[in-house]
Protein chains: 2
Amino acid sequence: MSGIADVARLAGVSKSTASRALTGGGYVSDETRRRVQDAAGSLGYVPTTSAVSLATGRTNTVALIVPRVNRWYFGSIIEGVERTLIPRGYDLTLYVAEPDSRDRASLYSHFLARKRFDGVIAVALEPDDADIARLLSFGKPTVCIGNELAEIATLGIDNTAIGRMITQHLLALGHRAIVFLGATPKGEPTAHDVIDRIAGYRQAMSGAGLSDRTGVYESTLTITDGYAAAAALLADVESRPTAIVAACDEIAIGAIVAARRLGIAVPSQLSVVGVDGHDYAEMFALTTVEQRPAAQGEQAVDILLGMVDNADAPARSTIPVQLVVRASTAAPR
Amino acid sequence: MSGIADVARLAGVSKSTASRALTGGGYVSDETRRRVQDAAGSLGYVPTTSAVSLATGRTNTVALIVPRVNRWYFGSIIEGVERTLIPRGYDLTLYVAEPDSRDRASLYSHFLARKRFDGVIAVALEPDDADIARLLSFGKPTVCIGNELAEIATLGIDNTAIGRMITQHLLALGHRAIVFLGATPKGEPTAHDVIDRIAGYRQAMSGAGLSDRTGVYESTLTITDGYAAAAALLADVESRPTAIVAACDEIAIGAIVAARRLGIAVPSQLSVVGVDGHDYAEMFALTTVEQRPAAQGEQAVDILLGMVDNADAPARSTIPVQLVVRASTAAPR
DNA sequence: TTGTACGCGTTATCAG
DNA sequence: CTGATAACGCGTACAA
């Protein structure tokens, strides 16, 4: 309710002095500063953000763009971003829009254009996406999580290496009939991380001289779909693989549940390995590659606010990951 | 980059006419309006939000407060709110803070005080919470999801009735050894919805003359914890219940998984019923009460924006729910 | 160290 | 129907 003018009046100084005393800029005697701060405190003064933004050009707001909220990976990123942003005095405005969706279009034409934020964090942008050009055209500091992109500060994991790593883990255990579960179904927007993981899987299979035994099956990145896809895949006893490389932990968990329902013992009759380090991984004894998305969200904020303050050059970093071996993988038979 | 002054100049009118033509307020000749709109279009004009806010007092932003992101119920609400807000031209600023946490305190003292939003949607506020008073003191339209609160527009389900309903479902099937799984562990912030569901459970048990056979066990509202708690609960064959009323679907799913691992058949040896209508419910054939949180989020936006526009009196509505019977419940033995 | 005066980009008021 | 002009609430050169 009360503005800085009220604070100034109560403290017996001018508006500008009050402003300096509160924002810290410029010279103010300690005595005066304290008087102003007391006045502000007793009046419950809080600066009006729109006025501050108009005067300074800064909004103290960061935009976060995600395809979905209700998936562990994205939810974790959101939480990581949030808890790092808030203590630094920033607000988070959240935009949820799948790539290529109508929402995406209006997002860029209407919302992001409002220059309401000091920076953007975008998750799971596709490298060939037109979004990227539009994003850059805003001229605001931008950090992407999930894919390596040219000309943008990027934070992510090496998905090809991970695909290779988990496949090699199974090969080393002696598996040969290894399939990949989780290719993007036709009609869905392409997910580049999945494509890279498949590439890694293929590389490992070829490296073991098994390129002809490669099998890639479709599934959405959810437990439900992983369950259904795995159930179909495992139904035929003859063609059944001895190991599944899942595109993510949700699919892996779905596969484990499906196997149990079919009476297939994990890991003795079927090994399953995932990617993510999902909250449920331990409960299902899932061997997986942990990528700590919440920490990535935190780090993205660090990088972004660094850019906001220093106008630094875009950084690019590959997050280290860790293979955690649990009881969902073992030697075949 | 270009402001309304540029648009006005290009269209050959004054700033005020340009503003009227674009915002729709006041009289402008059709001819002039078109000229201005063309000019705005060709310049890619987008109004600066902080200036608009300063002039109009409206921010076109809604604040959403949730305790967590990464839980199905909250994530669904966030998605529902988002997809309703955006088409209406509003931005969403997200605040994540557990009740009684340090984050909560700074949330109220620093962020919400910035009057940066036209309204607030708060999820899972506790009725005895000091937050409520502070929330109301902002004088902004406010809608709460999850609990019935005095003097606030409220949207939620009747948790007591639900607790009764699902317990009676089990009683009707012939169960008598029915326990409740999911009481809030000591040290955790109290969750009123859980308390109410327990009350409903107790009412139903008493109504069947079974008040002495009542058993309430603790668990956090997650699959992982539900799994662990159920595993402990089901370990002793002698004292094992024939049915579990779970505080939410996550716990119910955890219990089903635990039962399977222990070789206990669901539903023939153990019935399990949950609350929520989780995405995974169908996959686990879970009998549950659907409450459609995403739809609640949408409805909350409707109510809130109604209040923003009309300054209506707060509404209060109880969402109808539906018991969906699947294969996790059956007659005992 | 402090106060004055102006600008940030829009909308609203009020004559014309 | 249109155009000056004054807010909106704050930060900040500049002068004192």
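No experiment lies behind these values; they were computed from the predicted model shown. Chain A is the first sequence line, chain B the second, and so forth, proteins listed ahead of strands; every chain is numbered from 1.
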Report yes if a side-chain nitrogen or oxygen of [X] is closer than 4.0 Å to either non-bridging phosphate oxygen (OP1 or OP2) of [N]; otherwise report no.
| X | N | value |
| --- | --- | --- |
| B/Thr56 | D/dC8 | no |
| B/Tyr45 | C/dT10 | yes |
| A/Ser14 | C/dG3 | yes |

* Could you label the plane-to-plane angle of the A/Tyr108 and A/Phe138 rings as parallel, tilted or perpendicular, counting under 30° as parallel and over 60° as perpendicular? =>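 Parallel: the ring planes of A/Tyr108 and A/Phe138 meet at under 30°.
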* When the nearest nucleotide of DNA chain D is assigned to B/Lys15 and to A/Val46 on a heavy-atom basis, which residue is associated with the more 5' position? ->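 Here B/Lys15 is the residue nearer the 5' end.
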* To do: Specify the residue among B/Arg33 and A/Thr48 whose closest nucleotide of DNA chain D lies further upstream toward the 5′ end.
  =>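 The residue whose closest nucleotide sits nearer the 5' end is B/Arg33.
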Rounded off to whole Å, could you give me the [atom1]-to-[atom2] distance for the [X] and [N] pair?
| X | N | atom1 | atom2 | answer |
| --- | --- | --- | --- | --- |
| B/Tyr27 | D/dT2 | OH | C1' | 14 Å |
| B/Ile4 | C/dC8 | CD1 | P | 15 Å |
| B/Arg35 | D/dT2 | CZ | C1' | 11 Å |
| A/Arg9 | C/dG3 | CZ | P | 14 Å |
| B/Leu54 | C/dG9 | CG | P | 12 Å |
| B/Asn60 | C/dT10 | CG | C1' | 13 Å |
| A/Arg116 | C/dC8 | CZ | P | 21 Å |
| B/Arg58 | C/dT10 | CZ | C1' | 15 Å |

Note: [X]-[Y] ion pair, threshold 4.0 Å (strictly below):
| X | Y | answer |
| --- | --- | --- |
| A/Arg83 | A/Glu298 | yes |
| A/Lys140 | A/Asp118 | no |
| A/Arg35 | A/Asp38 | no |
| A/Asp309 | A/Arg88 | no |
| B/Asp279 | A/Arg71 | no |

Checking all strands, does [X] fall into the base, sugar-phosphate, or nothing category for heavy-atom contacts under 4.0 angstrom?
| X | result |
| --- | --- |
| A/Thr32 | sugar-phosphate |
| A/Ser19 | base |
| A/Thr23 | sugar-phosphate |

* Step through the shown structure and confirm whether more than 12 heavy atoms of other residues, nucleotides or ligands are within 6.0 Å of CZ on B/Arg292. =>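 No, the 6.0 Å shell around CZ holds no more than 12 heavy atoms from other groups.
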To the side chain of [X], which of [options] is closest?
| X | options | result |
| --- | --- | --- |
| A/Ser16 | C/dT10, C/dT4, D/dC10 | C/dT4 |
| A/Pro47 | C/dT10, C/dC8, D/dC10 | D/dC10 |
| A/Thr17 | D/dT2, C/dG3, C/dT11 | C/dG3 |
| A/Ala55 | C/dT10, D/dC10, D/dT2 | D/dC10 |

* To do: Identify, with sequence neighbours excluded, every residue that meets side-chain hydrogen bond (donor to acceptor under 3.5 Å, both in side chains) alongside A/Thr17.
  =>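 For A/Thr17 the side-chain hydrogen bond (donor to acceptor under 3.5 Å, both in side chains) partners, ignoring immediate neighbours, are A/Ser14, A/Arg20.
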Return the polar atom pairs (N/O with N/O) between nucleotides 14-16 of chain C and the protein under 3.5 Å, or none.
none

* Under 3.5 Å donor-acceptor pair, B/Ser29 side-chain atoms to D/dT2 base atoms ->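 Checked by distance alone, the answer is no.
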